[in-house]
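Structure first, then comments.
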Amino acid sequence: MSKTLNDKIDAAAETLLNRTSRGREDFETLVVVPIFAVIVALILGALIMLATNVDLATIGKSYVALAHGSVGSLSAISETLTAAIPLVLAGLGLALGFRAGLFNIGAEGQLLLGGMAAVVAGFMLDGLPWVVHLPIALLAGALVGALYASIAGWLKAATGAHEVISTIMLNLISFRLLDYFLRQPFIQKEGRADPISKSVPDSAELPRLLDWIDPNLRVHAGLFLMLAAVAFVYWILFRSKIGFAFRASGENLHAARYAGMHSSFIIIAAMATAGALAGLAGASQVLGVLDRATPGFSAGIGFDAIAVALMGRSHPLGVLLAGLLFGALEAGGRQMQVDAGVSIDLISIIQALIIVFIAAPLLVKAIFPWGFRSDSQAKGGAK
Amino acid sequence: MISSQTQSTQSGTTLDSGKARQARITGAILLALACLVLFVFGMDASGDATFRLSRPTDPWAVPNLVVPAGPFNYIAGAILAFLGVRQFLQGGVRWTSLSLGLGLAILVMAFLVWATAGKAFSLTGMLQATMVRAVPIALGGLAGVLCERVAVVNIAIEGMLLAGAFTGALIGSLLGGWGGLAAAVVVGGAFGFILAALVVTYRMDQIIAGVVINLFVLGLTSYVSSQVFSEYRHLNNAPVFRAFKIPLLGDIPVIGPMLFKQNLFVYGALILVAISTYYLFFTRNGLRARAVGEHPEAADTLGINVYRTRYIHVTLGGMVAGFGGAWFTLGSVGRFDENMTGGRGFIGLAAMIFGRWHPVGALAAALVFGFADSLQQKLALLRTPIPSEFLAMSPYIATIIVVAGFIGKAQPPAADGKPYVKE
Amino acid sequence: MDVELRGITKRFGPVVANDGINLQIRAGEVLGLLGENGAGKSTMMNILSGLYAPDTGDILINGKKVVFEDPGDGIAAGIGMVHQHFMLVPVFTVAENVILGVEPTGRFDYLDLKTARKQVRDINDRYGLEVDPDALIETLPVGIQQRVEILKVLFRSADVIILDEPTAVLTPQEVEDFFDIVRSLRDAGKAIVFITHKLHEILEISDRISVLRHGRITGEGDPAKLTTETLAEMMVGRPVSFTVDKSPPHPGRPMLSVSDLCLFDAHDDFALDHVNFEVHSGEVVGIAGVQGNGQTELVETITGLTRPASGMIRFDDENVTRASVRDRHRMGMAHIPEDRLRSGMISNFTVAENMVLNSYYAPAYSKGPEIDWPKVQATAAQYCVDFDVRTPSVFLPAGNLSGGNQQKMVVARELERETKLVVASQPTRGLDVGSIEYIHERLIAARDEGDGVLIVSSELDEIMGLSDRILVMFEGRIVAEFDTTKGPIDRNAVGLAMAGASS
């Protein structure tokens, strides 16, 4: 082959390596839609308050409290971060599952049992130095979460049982299991008749980061765990080989199978990884905040994490941002309850509404037609 | 629904070696059950188990059924062992499912006899409770059938039940039982319509839409109940529809109290199942609806409006679920509690799968779940050595077994879960 | 009934599928509509049947302008369409499918299936279609399913019948039977539109021909005055030969040998029934047969996607019966799957990601547990150049490419490495002529480099053009073998074998 021809081919190959520019469409779905979604959800939230006989002044007061309680002070920010930690951890797991085509609703159960395991590892191994003890307790949480999630993964891989139903049932089972464990003599706190576990010793606790400023600032070292998990999940999904297989199976299971990927293994591995992250979320909650396990200590974090993963579009950085937003709503919501007497359950309504608008961008475009370019310019093609 | 993925993984081909393996696994399970029945239920059981078949007040009193617990369970164990060995050795391919079903039924009987040994237990009462507890599951399953027959996966049944329960309590407290019931149906239908709008018009992922509706309803009802009900208790105090006996039929022993001495919701569920069976399989619009679920493009080319059909049926499904939700308040306690549906909507979905997307099948499956549910309640009274938490799990475990065990065998509507995009 | 299209234009986003089309359809006449894949034939007919609305232009029926709001209007106006992909509900009976949308009913909306059956039988008798109204569609062979589609159209008393690529799934003999039905419909006064890309068929059946290219009518004429060459030039825009240039094969050692392969389907019937054959290096073996006679299962078994119930597969002198897809790929088996969108590629993945879909794990593309993306991207760019995949960038999602470029991307991924056996299933289905020619050349080049090539196609012309040996599959068995190197073979004999007549 002549030299010039070779050069031409190289040049042609070179131009193919130019990245296509990110269009306005990306900007719309990643930035504009979420902003609109939050605004509409807050407006609808106000309407719901109106409908339940809350007067306008109180509504104003509650939204002021919402802002104040989430970012208005150092302690508010600490609360926001504290609430965000388990949401982001569990949300990352769910996002990873979504990418692999698994709609895992079971974070709540994985989180409960993972947290339970961390507590048990915490008080059973009392006396170890913290460098050993804390990692073991965290690991126990991740491991149990992974095992519990693998049940649903195995059921799907082996029998085709849809993970939505099996994970929901596993959630319900986990509530009963937790109740059962909390009554066992080796777990239940001495001298208590109600279901409550023994406390975690200091050596297994995630240390608080800002207690040198004010002992009431609860933000803890789980923050670093959260950031590390964001980087880890990003690496898994977009850099590693297994993550490529996860994403391929999630996008097109047939093509993945035809390409020689082992779908059963991928399903179980993805579920286990997701479960490990949810278990870690539970562990960070008990080791960093609660200090012990009680019935329903997860407080719906596993369900809110679904919303976080959806809002973050199953991208680790998106999950981080969505987790911070939801953490802020959570922290602000508590302030709202105190200041304005509006139930914190309003926050779950607002969260659900945000997700509706994010998952149905067509709906947002229908409400705000002027915010978007017209459809005729959108790329299309013959059917 | 559910998992088009796995079905195609098997790409429609099964191996005969696979079937033989399945038979061997079944055989092994049956043998294990036989051991359980023989060595746990059989050896541990002493005395007679007494099952009451009627109440003293019944016009036709039926004598109690008295079963000697030990011998009964030895025989049950022997039958199980026989079935297991037959499966195991012969690889009796043709009877695998039937043997497993029979084996599980025997297991339940043996378990009941063991638990009741030396005590008395009202079978009639349990069957009656089975029917009652099957109602929300059957109605949830029926709602699922209506939606999935037009290829819309409805994960939001749980939320619709909850919305129905809440509305029933609130409006029932204000306007009385019938007003509450009507409002529950309307609100259920409204959420059905919202789901249809989200997935049909706005092409939102069906599972996400369902999950979000569940979160929304849970949030809304919890919010109102803590914001409003805690303060105005009279708003959460609805009248309850009492059971009424259908003359003559209600006096039949055992069956009578189960089917004909119930409240409005039980009769309503039975009638709705009958109507929807007729509608889906014997009418013009039923045929069109099923065509939309199986092959929407074909339906569209024949002038059937796919979108409208989906809207109508998902809304109808929501109304059915709203009616089922009212059972929790107007048909039971008259008062709304946060998240009081406790996963019944999802169990309803499992009933739909188990019932092969057929209303009657869904009802039958719901009875199985209702049985598990009432069994765990009654057993708690019998003081078995099994911790109550584990008994309370049994409906959920049954659901998982059903979803895992029957998914590959039942065929969902072909277009199930897929949005239809018309140019 | 006469129908006229005037200045019909339809766009899908930036793609102009139909561009100012004028067309006359007359009663008692077969209008042949010729065009290659993607020329806009189906779009035009979907507009005529009311499924799509045109952006501009008018439809006139008997000189009067009509507007179709939805498919029901097209049917009501007497226009019926038999789609290329059958619009039948597989779990319904023939009668239920036929009456769907125009059901006879009794009280309480009761579905009167008894009347329906009788009406179906009446039409059956009138046109000699011979279909059992109570049979379930999924149990019927495709040839019969097509008759059900025609029944549907006749049941709605359509005067204009559009047939979209109706012969794609038929054997040559079934095509003859089908043409008889078409002629009898024409003689009964129906207007027929026969859409195809097959030249000899259109010459045989049409009374008048229109040719469509890039969404425009590029030629019209009388079949008596046209030849396949002139038609081909009108259709493609340049002279094309449609024959594959290839030298005689030099078969070497057996590369793939399949013995006694059996597989069962969901109903416990044989999907593969004791299949035996060999593919040698340096030869092309073509598997002909009507779709659904076990070809898909055979390919899935050879490539490791399905485990056979019994039998053995040897590849390159090794027993690979239980080897995984990845192992076989690694040993040098290339697989071009029959449905690229479903199983050959991932639309939302970039071209680069698709290029390594089955080799991403290989040491060449990875650093430990990580994928070496810059290297993958550079390689993908090279492949795109080598295989003429036209894309502005390897970072573009593969779903944005045209069908021909997508398929070339799949072919590049499978062939651009050391291969020993190429299994190509429907390698050119739905592609434009240029891409078809290119892919055929590449497959022959693979043979000439010493690979064994196994081609499965339902296009008999493709099989006959490419293969050195032809095997015919029927009901899971290999029922006939033809050697094309020993002189020309009889198309009819192959067709008979495809229909199950023992040779």
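Residue numbers start from 1 in every chain, and the chains themselves are labelled A, B, ... in the order their sequence lines are given, proteins ahead of strands. Only a predicted model underlies this, so the values are computations on that prediction, with no experimental measurement involved.
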Below 6.0 angstrom between ring centroids: does that apply to F92(C) and H295(B)?
no
Contact part of S49(C) toward chain B, heavy-atom cut-off under 4.5 Å: side chain, backbone, both or neither?
neither
For L88(C), does its backbone N or O pair with a side-chain atom of N97(C) as donor and acceptor, under 3.5 Å?
no
Select one option (side chain, backbone, both, neither) describing which atoms of F86(C) are under 4.5 Å from chain B's heavy atoms.
backbone
Can you tell which of V102(C), D112(C), L100(C) has the highest number of heavy-atom pairs within less than 4.5 Å of chain B?
L100(C)
Main chain of M87(C), side chain of K152(C): is a donor-acceptor contact present, judged purely on distance under 3.5 Å?
yes
Contact leader toward chain B among H85(C), E96(C), M81(C), where contacts are heavy-atom pairs under 4.5 Å
E96(C)
Interface moiety of Y278(B) toward chain C, non-hydrogen atoms closer than 4.5 Å
side chain
Taking all heavy atoms of V275(C) and all of V258(C), pick out the closest pair and write down the distance.
O-CG1, 3.5 Å
Note: H313(B) and A289(B) closest approach over all heavy atoms is NE2-CB, 3.4 Å
Pick one of side chain, backbone, both or neither for I75(C), based on which atoms fall under 4.5 Å of a heavy atom in chain B.
side chain
Which region of H83(C), side chain (C-beta onward) or backbone (N, CA, C, O), has a non-hydrogen atom less than 4.5 Å from a non-hydrogen atom of chain B, or is it both or neither?
side chain
Contact part of L287(B) toward chain C, heavy-atom cut-off under 4.5 Å: side chain, backbone, both or neither?
both
Do Y52(C) and F12(C) make the cut of ring centroids closer than 6.0 angstrom?
yes
